[in-house]
Amino acid sequence: MGRLIRSAAAGAIVVVAVLGCRERAQAVQGEAELKDMVHRMMPLVAEAAGLPFKHEPVVLRRSRAQVRDYVIHKFDEDLPPADLAGLQSALRLFGLIPDSLELRPTMIDLLTEQIAGYYDPDSNALYIPADIEPFQLRVVVSHELVHALQDQYVRLDSIITQRHANDRRSAAQAILEGQATVAQIPVLMPEQKPDTLPPGWFWKQRSVMAAQQAQMKEFARAPLWLREGLVFPYLGGADFNVWFRRKYFGRSILDAMPSSTEQILHPERYADRDEPTELSFEGGRRGDVKWEDGLGEFETRLLFQQHLGNEAEAMTLASGWDGDRYQVLGPEADALVWYTVWDDAAAAGRFAGGLQRAWAKRRSDGRAGRRSEVKQLTVSGRPVVRLVDAPASWAGWNAIPTIKLSARGG
């Protein structure tokens, strides 16, 4: 979902509120006291994250209008018009957003509503909205200080702005937000030891977060893909970070970032160095391609959850994912070709059956003039499933783009 999600610190607020820090809130007046808070928190954040600060970040107040201007600037920088049009077409074709939804205003309104503070790598500065509630302030500052620290060891923008690498970006997002969520807890509540929490504890807090965010107008009316995409980096990423801290005590996750949401969802795949298979398209005319990317396991789950309405079934159908790639094609950007590769034939067959059912519901409106096909294939000895959804008159039906696979990593 892009680098803007890194600025939406509201998720971390809910996590620590669950752990009971609200009563410790302090009102801070003016930038001088805010800077003093940052200075006092820095050694605590460094200790919690296991990394020393190389220099002190700047901290500044911003009005809500200035926050919105920042969101618009970063959104347009991350998704220039051609990219925005391509991504929006893809999400509509997958049914992850309604055909009537305009992605740019929806995301700008949502992120402006959700942002409780942000760190900007370009200026090495923490920005705190002037209208933030006093009880949120220590939570936001501690969280964004972790991002400032991360940026002193890895180039955050280079990680988050990888183009046409949606799943790798989502995994990186989860590491950055997850680490900030975990590290801020002992900063705010020294008696709390996040490493002692049971596996999956953070993800189980989704209902608490959803209840709070459902009170926010833009979040409440956002589609599933947006809502879950906002939550996953904080909670799914926090669970992975707790696992990593136990498994690799004393090591920094920033030195060896996961490469897929599969590894975030199944940390043992990270430990086994199970890298996704890379898919690349062959054939076709490049001018016909309006957008190209992949979903990854997490968004494949969301696809099934959206169309079948059952989260547990969605998890099962997406398990065994080993890579995917799609293209949006045609003069009207109305043709979708999606290839997925699977760990074994059983996973591919399970996925193909689920996708046929999901797509039957997706196209249950009986829209005239469209044709869909789900087909199981074998490519380089690997089980592959291909979805094609396009106008019946699409010229590409006679020459559907093919793919080649890389050698399996790890």
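None of the values given here were measured: they were computed from a predicted structure. In what follows, residues are counted from 1 in the order of the sequence shown.
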ask   = Gln179 side chain to Ala238 main-chain N or O, any donor-acceptor pair under 3.5 Å?
value = no
request  = Assess the pair Tyr118 and Tyr70: is the distance between their ring centroids shorter than 6.0 Å?
outcome  = yes
ask   = So, the side chain of Arg386 versus the backbone of Thr340: is there a donor-acceptor pair under 3.5 Å, distance only?
value = no
ask   = Roughly how far, to the nearest 0.5 Å, is the CD1 atom of Ile97 from the CG atom of Leu226?
value = 8.0 Å
ask   = Can we call the ring centroids of Phe240 and Tyr270 under 6.0 Å apart?
value = yes
query = Does the ring pair (Phe, Tyr, Trp, His ring centres under 6.0 Å) test come out yes or no for Phe351 and Trp359, once each step is laid out?
reply = CA-CA 12 Å; Phe351 169 81; Trp359 223 251; over 10 Å; no
ask   = For Met315, does the CE atom sit with more than 12 other heavy atoms under 6.0 Å from it, leaving out its own atoms?
value = no
request  = Please indicate whether Glu373 has more than 12 foreign heavy atoms, meaning atoms of other residues, nucleotides or ligands, lying under 6.0 Å from its CD.
outcome  = yes
inquiry  = With ring pair (Phe, Tyr, Trp, His ring centres under 6.0 Å) as the rule and sequence neighbours excluded, what pairs involving residues 163-184 come up?
reply    = His164-Trp291
inquiry  = Applying side-chain hydrogen bond (donor to acceptor under 3.5 Å, both in side chains) as the test, list every pair that has at least one member in residues 310-321; sequence neighbours left out.
reply    = Arg206-Glu311, Glu313-Arg357, Ser319-Arg350, Trp321-Asp324
query = Is it true that the side chains of Tyr248 and Ser252 contain a donor and an acceptor less than 3.5 Å apart?
reply = no
ask   = Is the backbone N or O of Gly330 less than 3.5 Å from a side-chain atom of Asp288, with the two atoms forming a donor-acceptor pair by type?
value = no
inquiry  = Using modelled atom types and a 3.5 Å cut-off, is there a donor and acceptor pairing between side-chain atoms of Gln263 and backbone atoms of Asp274?
reply    = yes
query = So, are Glu282 and Arg325 salt-bridged, with charged N and O less than 4.0 Å apart?
reply = no
inquiry  = Take a 6.0 Å sphere around CZ of Arg246 and say whether it holds more than 12 heavy atoms from other residues, nucleotides or ligands.
reply    = yes
request  = Kindly compute the distance separating CZ (Phe94) from NE2 (His307), expressed to the nearest 0.5 Å.
outcome  = 9.0 Å
query = Does Asp239 reach the main-chain N or O of Trp203 with its side chain, forming a donor-acceptor pair under 3.5 Å?
reply = yes
message = Evaluate Asp195 against Arg245 for salt bridge (Lys or Arg N to Asp or Glu O under 4.0 Å), listing each step before the verdict.
response = CA-CA 7 Å; Asp195 292 346; Arg245 287 157 62 112; 2.7 Å; yes
message = I'd like to know if Arg64 and Asp131 make a salt bridge, using a cut-off of under 4.0 Å between side-chain N and carboxylate O.
response = yes
message = Nearest 0.5 angstrom please: Gln152 CD to Leu254 CG, how far?
response = 11.5 Å
remark   = Interatomic distance, OG@Ser259 vs CE@Met257, rounded to 0.5 Å, equals 10.5 Å
request  = Please answer whether the main-chain N or O of Asn166 pairs with a side-chain N or O of Asp293 as donor and acceptor at a distance below 3.5 Å.
outcome  = yes
ask   = Does the side chain of Ser142 pick up a donor-acceptor pair with the side chain of Gln184 at under 3.5 Å?
value = yes
inquiry  = Between Arg62 and Asp69 (salt bridge meaning N to carboxylate O under 4.0 Å), is one present in this structure?
reply    = no
query = Under 3.5 Å, is there a donor-acceptor pair between the side chain of Thr261 and the main chain of Ile264?
reply = no
request  = Kindly indicate whether a cation-pi arrangement holds for Lys54 with Tyr153, taking the cut-offs as under 6.0 Å to the six-membered ring centre and within 45° of the axis.
outcome  = yes
task = Keeping the roles fixed (side chain from Glu144, backbone from Tyr119), state whether a donor-acceptor pair exists under 3.5 Å.
result = yes
task = Kindly give the heavy-atom pair with the smallest separation between Val187 and Ala183, and that separation in Å.
result = CG2-O, 3.4 Å
remark   = Residues His143 and Ala180: closest non-hydrogen pair is CE1-CB, 3.4 Å
remark   = So CG of Leu110 and CZ of Arg221: to nearest 0.5 Å the spacing works out to 10.0 Å
key: Spacing of CG belonging to Leu145 relative to CG belonging to Leu44, to within rounding of 0.5 Å   = 10.0 Å
request  = Return yes when atom CD of Glu268 has more than 12 non-hydrogen atoms of other residues, nucleotides or ligands closer than 6.0 Å, and no otherwise.
outcome  = yes
request  = Answer yes when Asp36 and Arg40 have at least one side-chain N-carboxylate O distance shorter than 4.0 Å, and no when they do not.
outcome  = yes
task = For a salt bridge (charged side-chain N to carboxylate O under 4.0 Å, His left out) with Arg104, tell me which candidate from Asp109, Asp76, Asp83, Asp78 qualifies.
result = Asp76
Arg363/Asp389 ion pair, N-O < 4.0 Å = yes
inquiry  = I'd like to know if the side chain of Arg269 reaches the main chain of Glu275, judged simply by a donor and an acceptor atom lying under 3.5 Å from each other, with no hydrogens or angles considered.
reply    = no
ask   = Residues two or more places apart in sequence or in another chain: which of them pass ring-ring contact (aromatic ring centres under 6.0 Å, His included) with Phe53?
value = none
ask   = Taking Gln88 for the side chain and Leu103 for the main chain, is one N or O donor matched with an acceptor at less than 3.5 Å?
value = yes
ask   = Which atoms form the tightest heavy-atom contact between Leu93 and Leu336, and what is the distance?
value = CD1-CB, 4.0 Å
